[in-house]
Amino acid sequence: MRASRYLISTTREFPREAEYISHKLMLKAGLIKKVAAGIYSFFPLGYRVLAKISSIVREEMDNFGAQELLLPFMQPARLWKKSGRWTEYGDELIRFQDRKRTEFILGPTHEEIITELVKKEITSYKQLPLTLYQIQIKFRDEQRPRGGVIRAREFLMKDAYSFCQDKRALELNYEEMKKVYEKIFSRCSLNYKIVEASPGAMGGEKSEEFIALSDSGEDRLVECKKCGYLAKMEMAESLETEERKKEELKEIKEVYTPQVRSIKELCKFLNISPAKTIKTILYETEKEPVAVLVRGDHQINEEKIKKLMKVTRVNIIEENLVKEMTGIEAGFLGPVEFDKFKLIVDNAIIRGRNFVTGGNKKDIHLVNVNPERDFKPDIVGDIRFPLANDKCPFCKNRIEIKRGIELAHLFQLGQRYSQRLGAFFLNKKGKKETLEMGCYGIGISRLPAVIIEQNHDKKGIIWPKKIAPFQVAIVSTNQETLKIAERVYHKLNEAGIETLWDDRELRAGVKFQDIDLIGIPFKLIIGNTFLKERKIEIKERREERIKKVSVEEVVQKMEELIKDAK
RNA sequence: CGGGACGUGGCGCAGUUUGGCAAGCGCGCUUGCUUUGGGAGCAAGAGGUCGUGAGUUCAAAUCUCACCGUCCCGACCA
């Protein structure tokens, strides 16, 4: 490709709107342009990168035996009502009507459509297992898009769906798909970890995520460097490994705390640390309202409450309703002589002593409150998020909190969709059974950003060769070497090497900067050195090594280098 | 959804507090000359409903109100 004819849109300065390095570089290198919040156009350079990633994904999926198809982006509401997700999915599901006032959505995912399709086509166990996939635009009306393509509203995703005759076959398919994903991500030169995830709104049983550790990530993870324990924040266990405090039990006392409502205010007022306080928060569940107690420095994990209480709905009771329900002002709630609701108590509280809590009267707190002596928990368990420097639940080393970006998500959906949409088949005995489904997604359009997060320097992007939009860029720095450059360009093209010939009428320095910013793995410089020595210089983006070759050798040398390059 | 910041040629910004000449600067773009190995110099140009609407005023980028859009933190989230 001749650069003079190619839509290159690099800028000299970083656009103001970006925060993450990958987002900054993608904009500066002109890979993408924003059209609206969370909606981007991919420019030719950016699209070449997407295409590279897509073809890696495609090859590995096809290799596994999955079949590519294309499902509609716009989907009738009817199917979503049938699966129940019309109401369950929430505001992220964008809804609209066509001219006939029929309701539609833009697909945030495609379980309904594919299940409906398979339901009609699959009638016998002989057709199973079946794995179908597509590379498609998705739309999720995110409350807050961020990081450019890292969390976009419109994005490109590879989603695969497997259909099996029983659980065992599903588990097998799932494990094999995991191996396929490992191949895909290593071909993309990505560093990643696999962690347990919560199936969440997708439903189903087992679920794991491929996560790239990165400071620009939005998922928080708990990591123990010593034993290798790694889990998503919301899944991470907080086994209390602390010893029970041996402090002497002091006498409980009321203190006057006018207008002191928050933990922060309380700590300031009494000059104590939040770990010495207990927060009492009221929640509603489908069974009964409860009072949840955690230490002042801890955060409640509502998912864990659900598990512990075996309920599906847990909602915090708003501050202004607290007084209505209990007669006590929010900010002064406490467990002592509180008999309105059951007390759900975090493990950490049982181990501590002499806490400060609300006094269940306006402007009153209690000091030296002790579990068991002063109040009886109804249920005790792990209901909080871990904190940095907590002890690892397995080896007692200190844990760290890391950030990560979700690359892919695997689910064993089970029968959730097949059941609701009525996707059955006949088994060997001629008996009707429900299909076991799996679902496997990769956030394709997010991957360029993640790869950049892991592969960049001060000058810009450093694409791994398999992802780079071009393998080689040619710069001639002299009028006299222009013809040679053109010859080399044609030779490389003929050899099938993707080459960008920077024939723009710009100073050499500008071209070098652009090519480095864009991240092309190799530069061929044909200039003064050529005039003196008849040699072409080869500079590698990643290492800045310089090699010299003759025009005759250049194709072979490039082939070798590209083969060896990362 | 809560908190914060912002919206001025393609990009980055100044000007807004205290209303007042003709709306500026750098980059980029066009033309010419000189330069030419890591974002050149000089000269001459093109390019703007100052986010939108209403209002106050002799006069609005600047003040008031409403709306729209964008980014960041948090909450939320396959």
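Lettering of chains follows the sequences in order, A, B, ..., and the numbering in each one begins at 1.
Of the residues in residues 7-15 of chain A, A/T11, A/R12, A/E13, A/F14, A/P15 come within less than 4.0 Å of RNA chain B through at least one heavy atom, sorted by number. Residues of residues 71-84 of chain A having a heavy atom closer than 4.0 Å to RNA chain B: none are found. Listed by residue number, A/G527, A/N528, A/T529, A/E537, A/K539 are the residues of residues 527-540 of chain A with a heavy-atom contact under 4.0 Å to RNA chain B.
In terms of polar N and O atoms assigned as donor or acceptor, the side chain of A/N478 never comes within less than 3.5 Å of the base of B/rG37 in a complementary pairing.
Each of A/E142 and A/V510 has a nearest nucleotide on RNA chain B; the 5'-most of these lies closest to A/V510. Between A/L506 and A/Q143, the residue anchored closer to the 5' end of RNA chain B is A/L506, taking for each the nucleotide with the nearest heavy atom.
No engagement by A/R504 is indicated, since no non-hydrogen atom pair under 4.0 Å with the nucleic acid exists. Among the heavy atoms of the strands, none lies under 4.0 Å from A/D159.
With respect to A/K548 and A/E537, no salt bridge is recorded, no charged nitrogen being found less than 4.0 Å from a carboxylate O. Ionic pairing of A/E154 and A/K138 is not present here: no N-O contact between side-chain nitrogen and carboxylate oxygen is shorter than 4.0 angstrom. Using a cutoff of 4.0 Å between basic side-chain nitrogens and carboxylate oxygens, A/E88 and A/R420 are scored as salt-bridged.
Figure legend: cation-pi geometry between A/R95 and A/W86, with NZ or CZ positioned under 6.0 Å from the six-membered ring centre and within 45° of its axis.
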Return the polar atom pairs (N/O with N/O) between nucleotides 68-72 of chain B and the protein under 3.5 Å, or none.
{"from": "B/rU70", "atom 1": "OP1", "to": "A/A37", "atom 2": "N", "distance (Å)": "2.7"}
{"from": "B/rU70", "atom 1": "O3'", "to": "A/K34", "atom 2": "NZ", "distance (Å)": "3.0"}
{"from": "B/rC71", "atom 1": "O3'", "to": "A/E17", "atom 2": "O", "distance (Å)": "3.4"}

Table of protein N/O atoms under 3.5 Å from nucleotides 30-33 of chain B N/O atoms:
none

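Distances shorter than 4.0 Å separate none of the side-chain N or O atoms of A/R507 from OP1 or OP2 on B/rG39.
One atom, CG of A/D91, and another, C1' of B/rA75, lie 14 Å apart when rounded to the nearest Å. Between the P atom of B/rC76 and the CG atom of A/D141 lies a distance of 19 Å, rounded to the nearest Å.
A/K307 NZ: 12 or fewer foreign heavy atoms inside a 6.0 Å radius.
Pairs passing the ring pair (Phe, Tyr, Trp, His ring centres under 6.0 Å) check and including a residue from residues 3-22 of chain A, sequence neighbours excluded, read A/Y6-A/F470.
For A/F210 and A/F185, the distance between ring centers is under 6.0 angstrom.
With A/T481 as the partner, the side-chain contact (heavy atoms from CB on, under 4.5 Å) test is satisfied by one option alone out of A/L531, A/V488, A/N528: A/L531.
Picking from B/rG37, B/rA75, B/rC77 the nucleotide with the shortest atom distance to the side chain of A/I525 gives B/rG37.
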